[in-house]
Amino acid sequence: NFHSQVIRFLPKLSKYNCLIMPGESNRPYHELVSDSKDMIIWLHNLLDQFGPQLLYMFGDKRFVDKVNYFVVVSEYHKNVLINENGIDPDKIVVIHNAITPIENNTDRFKNIDTVKLIHMSAPERGIDIIINALPKITEDFRLNIYNSFYPDLVKLDPNIEQLLNDDRIYFYGKTPRRTVYKDLSESHILINPSIWKETFCLAQVEAMSANCLTVYNNYGSLPEVALGYGLSYTAKHEKAEDMEKHSEMFAKELNKAIKMIKDKKFDWKDQSDAVNNKFSWESFKQSWIKFHDEKL
């Protein structure tokens, strides 16, 4: 989308070596350092979320000095680069990611047989919290999980295996985007008990676009991209013993969310318009053009 919709408005980019991270480059970094062109890096992760090679690169002052600008995807992302990695704030530009609005029929909130939940983030970003919270969720629901966790294919702790016998939960594995979007458009609640420092969260923004009520941990950029919508809580997850507290907090908010849907107390009217406008491709394009015209 960037190449088809935006790049033609940015002719000055040709003066730079432009990198996207994560990504691949056919040039070793020492060549980029010695190149006459400076660099622009479009960064999508925190530096400690990459492997040791990238940390080595960013530990080289020559490499960092060759970077004119870092384009990052949230204010949270920018603040981490400044406060934890010592990057000059004048070198950092925030341009949020963009989404295509998710078509959905809000009639699903009128006649509700079973409240439908969906989770579509990588397993390491909170699946253990979901599993441990299951016995604490007293309200009835159906949860569809789309990610690379296949419980039938791994040897599980007997206690975990017992929890996964909960007949309210269904694992679909990695699934084509179009199929996930269809289920998202028919769901009521996105659950996102994240323990990952999200720099942005397309899953959460897309769920909001689809008018889903979101239940999420105030961690990383999630509060920023939520724009004040949804139900949130604040849980630390720094030690093993934090998991039980986190699971309890998440279950409490999720029980509240399910009841809101059942009682028809979730007001979805403004949410999708807010995220569709804030994170539109047009807004994305204009942000890049502004960066191009004012900085390059």
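E248 places no side-chain N or O within 3.5 Å of a backbone atom of K136 that could act as its donor or acceptor partner. Side-chain atoms of K66 come within 3.5 Å of backbone N or O of D35 as a donor-acceptor pair. A distance-only check finds a donor-acceptor pair linking the side chain of Q271 to the backbone of C212 [under 3.5 Å]. The closest donor-acceptor contact from the side chain of H119 to the backbone of I191 lies under 3.5 Å. At distances below 3.5 Å, not a single donor-acceptor pair connects side-chain atoms of T179 with backbone N or O atoms of T175. Looking only at distances, a side-chain donor or acceptor of E224 sits under 3.5 Å from a matching main-chain atom of Y76. At distances below 3.5 Å, not a single donor-acceptor pair connects side-chain atoms of S74 with backbone N or O atoms of S221. With N79 contributing its side chain and E75 its backbone, the two residues share a donor-acceptor pair below 3.5 Å. In this structure, K264 contributes its side chain and I112 its backbone to no donor-acceptor pair below 3.5 Å. Using a distance-only test at 3.5 Å, with no hydrogens or angles considered, no donor-acceptor pair links the side chain of S283 to the main chain of S280.
Contact record, K116 with N144: CE-ND2, 4.4 Å, taken as the closest heavy-atom pair. Closest of all the heavy-atom pairs between T114 and H188 is O-CE1, 3.7 Å. Listed here is the closest heavy atom pair of L213 and G230: CD1-CA, 3.9 Å. Across every non-hydrogen atom of I195 and G126, the tightest pair is CG1-N, 4.1 Å. Annotation for M260 and L231: closest pair SD-CD1, 3.8 Å, computed over non-hydrogen atoms. For the pair V275 and M208, the tightest heavy-atom approach, listed with the atom from each and the gap, is CG1-CE, 3.3 Å.
Taken together through direct or relayed side-chain contacts under 4.5 Å among Ile, Leu, Val, Met, Phe, Trp and Tyr, L202 and Y229 form part of one hydrophobic cluster. Clustering ILVMFWY residues whenever any of their side-chain heavy atoms sit less than 4.5 angstrom apart, transitively, puts L55 in the very cluster that holds M57. Residues L54 and I82 fall within the same hydrophobic cluster, defined by Ile, Leu, Val, Met, Phe, Trp and Tyr side chains chained together at heavy-atom separations under 4.5 Å.
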Set out, in order, the CA-CA distance, both residues' side-chain angles and the distance that settles side-chain contact (heavy atoms from CB on, under 4.5 Å) for T199 and V72, then state yes or no. CA-CA 8 Å; T199 53; V72 300; over 6 Å; no

ring-ring contact (aromatic ring centres under 6.0 Å, His included), that's the test. Do F63 and H30 meet it? Break it down for me.
CA-CA 8 Å; F63 180 83; H30 60 81; over 10 Å; no

From CA spacing to verdict: side-chain contact (heavy atoms from CB on, under 4.5 Å), M120, N147:
CA-CA 6 Å; M120 50 186 197; N147 59 30; over 6 Å; no

Quick one: do F50 and L43 satisfy side-chain contact (heavy atoms from CB on, under 4.5 Å)? Show the steps, please.
CA-CA 11 Å; F50 293 95; L43 192 63; 3.9 Å; yes

| Check against salt bridge (charged side-chain N to carboxylate O under 4.0 Å, His left out), K110 and D107 | CA-CA 5 Å; K110 296 176 183 176; D107 286 347; 3.0 Å; yes

Before giving the answer on side-chain contact (heavy atoms from CB on, under 4.5 Å), spell out for R168 and L143 the whole-Å C-alpha distance, their side-chain angles and the decisive distance to 0.1 Å.
CA-CA 6 Å; R168 301 174 295 180; L143 168 59; 5.9 Å; no

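Checked against a 6.0 Å centroid threshold, the rings of Y233 and H246 count as neighbours. F284 has its ring centre no less than 6.0 Å from the ring centre of F279. If you look at Y181 and Y146, their ring centroids are not closer than 6.0 Å. When ring centroids are compared, H77 and F200 stay outside the 6.0 Å threshold.
If you take NZ on K285 and CZ on F9, they are separated by 4.0 Å, rounding to the nearest 0.5 Å. Rounding to the nearest 0.5 angstrom, the gap separating the CG atom in L81 from the CD1 atom in I92 is 4.5 Å. With rounding to the nearest 0.5 angstrom, the CG atom of D166 is 5.0 Å from the CG atom of L134. Between the CG atom of N277 and the CG atom of L227 there is a distance of 10.5 Å, given to the nearest 0.5 Å. Separating the CG atom in N217 from the OG atom in S194 is a distance of 6.5 Å, to the nearest 0.5 Å. I258 contributes atom CD1, which lies 11.5 Å from atom CG of D263 (distance to the nearest 0.5 angstrom).
Atom NZ of K262 has more than 12 heavy atoms from other residues, nucleotides or ligands within 6.0 Å. Around CZ of R27, the count of heavy atoms belonging to other residues, nucleotides or ligands within 6.0 Å exceeds 12. In the displayed structure, K278 atom NZ is contacted under 6.0 Å by at most 12 heavy atoms of other residues, nucleotides or ligands. Heavy atoms from other residues, nucleotides or ligands lying under 6.0 Å from NZ of K259 number 12 at most. Crowding of K15 atom NZ: a count of heavy atoms from other residues, nucleotides or ligands under 6.0 Å exceeding 12.
The shortest distance between side-chain heavy atoms of L32 and L19 falls below 4.5 Å. Contact annotation: the side chain of P22 approaches that of N45 to within less than 4.5 Å [non-hydrogen atoms, C-beta and beyond]. Considering only heavy atoms from C-beta on, M39 stays 4.5 Å or farther from Y16 through its side chain. Between V80 and L46 there is a side-chain heavy-atom pair separated by less than 4.5 Å. Side-chain contact between R108 and N104 is present, with at least one heavy-atom pair separated by less than 4.5 Å. For the pair V73 and H96, the minimum side-chain heavy-atom distance is 4.5 Å or more. Using a 4.5 Å heavy-atom threshold, the side chains of F2 and I7 count as touching. Two residues are said to be in side-chain contact when any heavy atoms from C-beta on lie closer than 4.5 Å; N192 and V215 fail this criterion.
E198 and Y219 share no side-chain donor-acceptor pair at under 3.5 Å. Side chains of N211 and T106: a donor-acceptor N/O pair is absent below 3.5 angstrom, by distance only. Judged by distance alone, the side chains of Y69 and D38 never bring a donor and an acceptor atom under 3.5 Å apart. Counted by atom type alone, W281 and T100 present one or more donor-acceptor pairs between their side chains at under 3.5 Å. If you check the side chains of S209 and N276, you find a donor sitting under 3.5 Å from an acceptor. Between the side chains of T234 and N218, at least one donor N or O lies within less than 3.5 Å of an accepting N or O. No donor-acceptor contact under 3.5 angstrom links the side chains of N255 and E139, judged on distance only. Residues D60 and Y29 have side chains that bring a donor and an acceptor to within less than 3.5 angstrom of each other.
For the ring pair (Phe, Tyr, Trp, His ring centres under 6.0 Å) test, residues two or more places apart in sequence or in another chain that qualify with H44 are W42.
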Which pairs of donor and acceptor atoms, one on a side chain in residues 288-296, lie under 3.5 Å apart (sequence neighbours left out)?
residue: H292; atom: NE2; partner: K12; partner atom: N; Å: 3.0

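The aromatic rings of F58 and F70 sit tilted, their planes meeting at an angle between 30° and 60°.
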